[in-house]
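In what follows, a single structure is set out as structure tokens and then discussed.
As the structure lists them, so they are numbered: ligands from 1, and atoms in each ligand from 1. Since this is a predicted model, take the numbers as computed values, not measurements.
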Amino acid sequence: MTRPYVLLSAAVSLDGYLDDTGPERLLLSGPADFDRVDEVRASVDAILIGAGTIRADNPRLLVNSPERRAARVAAGKPEYPLKVTVSASGGLDPDARFWHTGGEKVVYTTDAGAERLSRTGIAADVVPLGPALGWRPLLEHLHDVRGVRRLMVEGGGTVHTQLLQQQLADELQLVLAPLFVGDSKAPRLFGPGTYQGGRLRLVETRAIEDVVLMRYEPTAPGTGQETSPADRHWLRLACELAVRCPPSSTAFSVGAVVVDADGTELARGYSREAGDPVVHAEEAALAKIDPADPRLAGATVYSSLEPCARRSSRPRPCARLILDAGVRRVVTAWREPDTFVEGADGAGLLVDQGAEVVVLPEFEARAKEPNRHLLG
Ligand SMILES: [Zn+2]
């Protein structure tokens with residue numbers, strides 16, 4: 001993975017607004033939630049806000065707790081997370097608090113924006129990304145050049161909307177405050193546009209004084225070779241299913257999940273499940289779906305091991321079953337070794353027939369774990 005883990009953090013009113021239209025920033029949370037936010041800030045490598053939020057709120061974006069800052073330093077990290085902002089035009093006020101508090105700052109901008117910023121003498125590392133801004137190159141630069149592994153995004157709504165719509169957010173931490181704004185000119189958290197279909201996954205709810213924190217994860221698979229954060233979730237689940245396989249000395253332990261393009265799980269399976277001594281994971285999962293289900297054409301199969309290309313126990317190998325089901329995207333952790341079949345190349349068969357195969361090597365060790373006794 002060449003992008004940081006991206007955590008969106010926001011608080012909204014009951015009617016979905018981030019703020020009102022008054023000159024002072026509307027306080028949606030109370031002290032206990034601000035302290036929670038402080039804790040999250042202390043846990044990340046960088047905090048990002050849009051240029052509009054600097055203009056509107058003039059925030060400092062600090063870790064306020066001296067204990068948390070001391071713990072960061074003791075862990076070998078900078079006292080404050082890197083502060084990041086984004087401005088295509090470079091129209092940023094050099095007197096904003098953002099530049100004059102905390103630790104290092106970086107501005108991502110365009111070539112034209114960098115020229116403008118060089119004349120203002122802003123106290124930050126200015127990184128031009130070319131003629132236009134792009135979230136993918138920005139996140140890759142943060143990861144590869146600045147070493148950022150966890151990024152907290154604190155708004156505004158445009159930034160949150162773009163990151164979620166472009167499938168770049170790993171997690172949404174949303175605080176719901178028990179009050180109304182009632183002004184249609186106020187800024188909303190999420191704007192119109194194309195989001196993932198289907199439902200996000202609720203991973204936590206927590207009452208904090210009178211607000212409620214909800215943590216969600218997106219669920220939709222990526223497209224083609226472009227991966228989404230949910231791809232990693234589903235492949236992790238496939239690896240967990242592999243651990244449930246009845247042990248065997250003559251076949252691999254594999255888990256598989258079939259997921260619709262909108263993030264809905266269609267079926268899951270694992271090797272030798274339900275007392276069938278030869279069934280494969282992908283085969284077991286696909287057998288649970290009506291072959292006429294129109295969602296299969298847009299679905300992704302997650303398999304902890306590359307689908308097989310040849311097998312003696314069944315007429316059709318899993319790569320063929322996947323193609324025959326109409327599925328055109330497979331995400332896997334690990335290419336099949338020659339343990340049982342010489343030159344097993346299920347990925348080659350899939351790609352030859354027009355399917356996309358994505359290998360996420362970060363899951364290889366996990367996928368191999370239940371097969372250690374077979375790998376010598
Ligand atoms: Zn198979």
Side-chain angles (χ1 to χ4, degrees), residues 221 231-232 234-260 265-293 295-361 363-376:
D231 281 334
R232 291 187 281 281
W234 294 117
L235 189 57
R236 190 178 303 116
L237 173 60
C239 292
E240 286 163 13
L241 290 166
V243 176
R244 289 204 225 157
C245 303
S248 167
S249 57
T250 56
F252 289 117
S253 292
V254 182
V257 192
V258 186
V259 181
D260 182 20
E265 179 181 327
L266 301 180
R268 57 173 78 182
Y270 55 90
S271 314
R272 303 178 291 286
E273 79 171 48
D276 183 335
V278 295
V279 74
H280 284 191
E282 305 92 316
E283 179 190 12
L286 287 169
K288 294 167 192 165
I289 307 170
D290 178 353
D293 191 323
R295 296 175 295 180
L296 281 164
T300 295
V301 167
Y302 297 86
S303 181
S304 61
L305 174 66
E306 172 186 15
C308 61
R310 281 197 296 279
R311 59 185 292 194
S312 49
S313 53
R314 293 275 204 265
R316 286 188 295 170
C318 293
R320 176 50 59 194
L321 293 174
I322 289 167
L323 291 165
D324 290 352
V327 174
R328 288 296 176 265
R329 186 168 185 265
V330 174
V331 177
T332 186
W334 175 35
R335 299 292 308 269
E336 184 175 349
D338 287 345
T339 314
F340 301 118
V341 180
E342 282 285 311
D345 186 20
L349 175 60
L350 287 160
V351 170
D352 281 350
Q353 303 286 318
E356 294 278 352
V357 177
V358 179
V359 182
L360 300 180
F363 289 94
E364 182 173 334
R366 208 186 287 236
K368 280 181 173 172
E369 184 57 31
N371 296 292
R372 263 200 312 199
H373 61 292
L374 300 172
L375 300 171

Checklist entry - Can Arg335 and Glu306 be counted as an ion pair, charged N to O under 4.0 angstrom? => result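 Glu306 and Arg335: salt-bridged.
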
Checklist entry - With respect to His280, which candidate in Pro307, Ser271, Cys308, Pro317 satisfies the side-chain contact (heavy atoms from CB on, under 4.5 Å) definition? => result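 Exactly one pass, corresponding to Cys308.
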
Checklist entry - Judged by modelled atom types alone, do Arg366 and Ser304 share a side-chain donor-acceptor pair under 3.5 Å? => result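 No.
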
Checklist entry - With a 4.5 Å limit on heavy-atom distance, are the side chains of Phe252 and Pro337 in contact? => result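 Answer yes - side chains close enough.
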
Next on the checklist: Keeping Arg236 on the side-chain end and Phe363 on the backbone end, is there a donor-acceptor pair under 3.5 Å?
Outcome noted: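 Not confirmed, Arg236 side chain does not pair with Phe363 backbone.
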
Checklist entry - Within the side chain of Ser303, is there an N or O that forms a donor-acceptor pair under 3.5 Å with the backbone of Thr332? => result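 Judged by distance alone, no pair lies under 3.5 Å.
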
Checklist entry - Is any protein N, O or S atom closer than 2.8 Å to the Zn ion (ligand 1), and if so, which? => result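 Counting only protein N, O or S atoms under 2.8 Å from the Zn ion (ligand 1), the list reads His280 ND1, Cys308 SG, Cys318 SG.
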
